[in-house]
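The structure appears right after this line, and notes come after that.
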Amino acid sequence: MWHLAHEVLRPRPVLPDASAVFSARRLGELAVLVILAGGTYGIVMGTFAGFTGERFWQLVYSGLKVPMLLGVTFVIALPSFFVLNTLLGVRSDFGRVLAGLIETQAATALLLVSFAPLTAVGYLSINHYPLAIVLNVFLFAVASVLGQVVLWRSYRPLIARRGVHRQLAWTWLGLYGFVGIQMAWTLRPFIGAPGRPTRFFREGAWGNAYLELANIVRSAFGV
Amino acid sequence: MRGRVRGTFSRSAMVGGRVRLTKPRGAMIKWFKDVDNVLRGEGTRLENLSEGQLATSSRGLVGVIVLLGAAYGICMGSYAVVNATAGSLLQMLASAVKVPALFLLTLAVTFPSLYVFNALVGSRLSLLSVLRLLVAGMAVMLAVLAGFGTIVAFFSFTTESYAFIVLLNVAVFAVAVFAVAGFLGLAFLLQTLQRLTDIGRPESLLTPPPQRLPESDPPGSVPREHESEEGQVVWQAESSSPPPPGSQPPRPAVGIPAGRITRAGLAFVLRPWCPGPAA
């Protein structure tokens, strides 16, 4: 696993063979890496309101939710991306594309787990729940942006061969972001507000992230 | 390889106008292979087109259009089920019927005019070829829509706001996906029509000149027949003697707007697609 993590993070000088990259075993290992790394960060993320008694379950829930956030978003956004790739005539490259996308997920999860100590120290010095949310949103944003290094690294040789891959990579980011934001909203709470009961899904909070955003903007302008 | 995918129905099974599948599972796989071929541009390769027909089975494609449309309809109608609207399961079934109906009825309504317009502008395509082409274009659209189905279903499951779902389905998917799907599908359609029209010209010699394209491929382009070292070669019809100006056959684009307008009209007639809580 340690070797695989290094392989994902370090730049490769040559484009690997698709069959070598896209083997079922390797995919399984990458999935386990995402679950372990994302889960570890989730556990640390859920410790804000304590980790004894009922609060222990928040650690378990958060440990499940972070890999779910990455994995389920990926699965929901993938079919449309596959059709677009086929339609634009680059289906033969899809093995490499898929390997690159999964490695990006793994890299994002690895970045998150590397931030886990920062979050833990941050929680020790933060007493304010909204500030904990801001800290985590910021770290997730940084991990997502830095994870793109792996995405573009795997896409670079593909773009050199067929220019349409560039537009497709941006399309993937758009699709993934659109679904991912709603997924993060649906799966909340990740941190667990002090004083509120521990639940997997927040009660009565099934809703839409984009509408909430619109409401925030509307109230900011006093409309 | 590119042998035409034969009809997936056994002729002996067609009794009394009713078609019965001999091997449903095998037939289904063949249908999806047909759509895959169309999506990848395999079905519209030049050597197949030079035989004057598309290497796809229209019956198979219609079958897949119905299945993919129904899949998208279920995703669309799942909002009603999740939000426990009265008669929600029936509504989901209705949506599953209505999406393929929208596309197939549009085809039925616009096909005669498209064929007449094509004939008017000098296309030498046969009635059957135009029909196959339209069905193939429609299969591309439905494949793209069904591809986005998971996203629609996810938002339907997690959103309570009816307005947002309408906005997502009507605005985002009508404007974005329908437009993307329509654009890609129609670009594919126009390209193939152009190819077939070129093939129909007796003086045309189809050769692959080493002409470079701009950096990126145009949307809707199908895989190249031959690629140069740079992989950026396009097919082009070349005349042995340059034709006089104005003698080029016009692009057979007439009839496409008619299809769009008709589809919008039918979409209005067939509503509701995902009824609100009060429905």
Checklist line | Asp93(A) versus Tyr155(A), side-chain donor and acceptor atoms under 3.5 Å | finding: no
Margin query: Whether the Thr171(A) and Gln167(A) side chains hold a donor-acceptor pair (N or O, under 3.5 Å, no angle test) is what I'd like checked.
Written below: no
Check: Which answer fits Phe157(B), side chain, backbone, both or neither, if we ask what part of it has an atom under 4.5 Å from a heavy atom of chain A?
Finding: backbone
Check: Looking at side-chain heavy atoms only, is the closest gap between Tyr79(B) and Val152(B) below 4.5 Å?
Finding: no
Next item on the list: State, with a plain yes or no, whether a side-chain heavy atom of Thr86(A) is found less than 4.5 Å away from one of Phe81(A).
Entry: no
Check: Highest number of heavy-atom pairs under 4.5 Å with chain B: which of Val83(A), Val75(A), Val72(A)?
Finding: Val83(A)
Notebook entry, point to check: Which bit of Leu78(A) comes within less than 4.5 Å of chain B, counting heavy atoms only: side chain, backbone, both or neither?
Noted result: neither
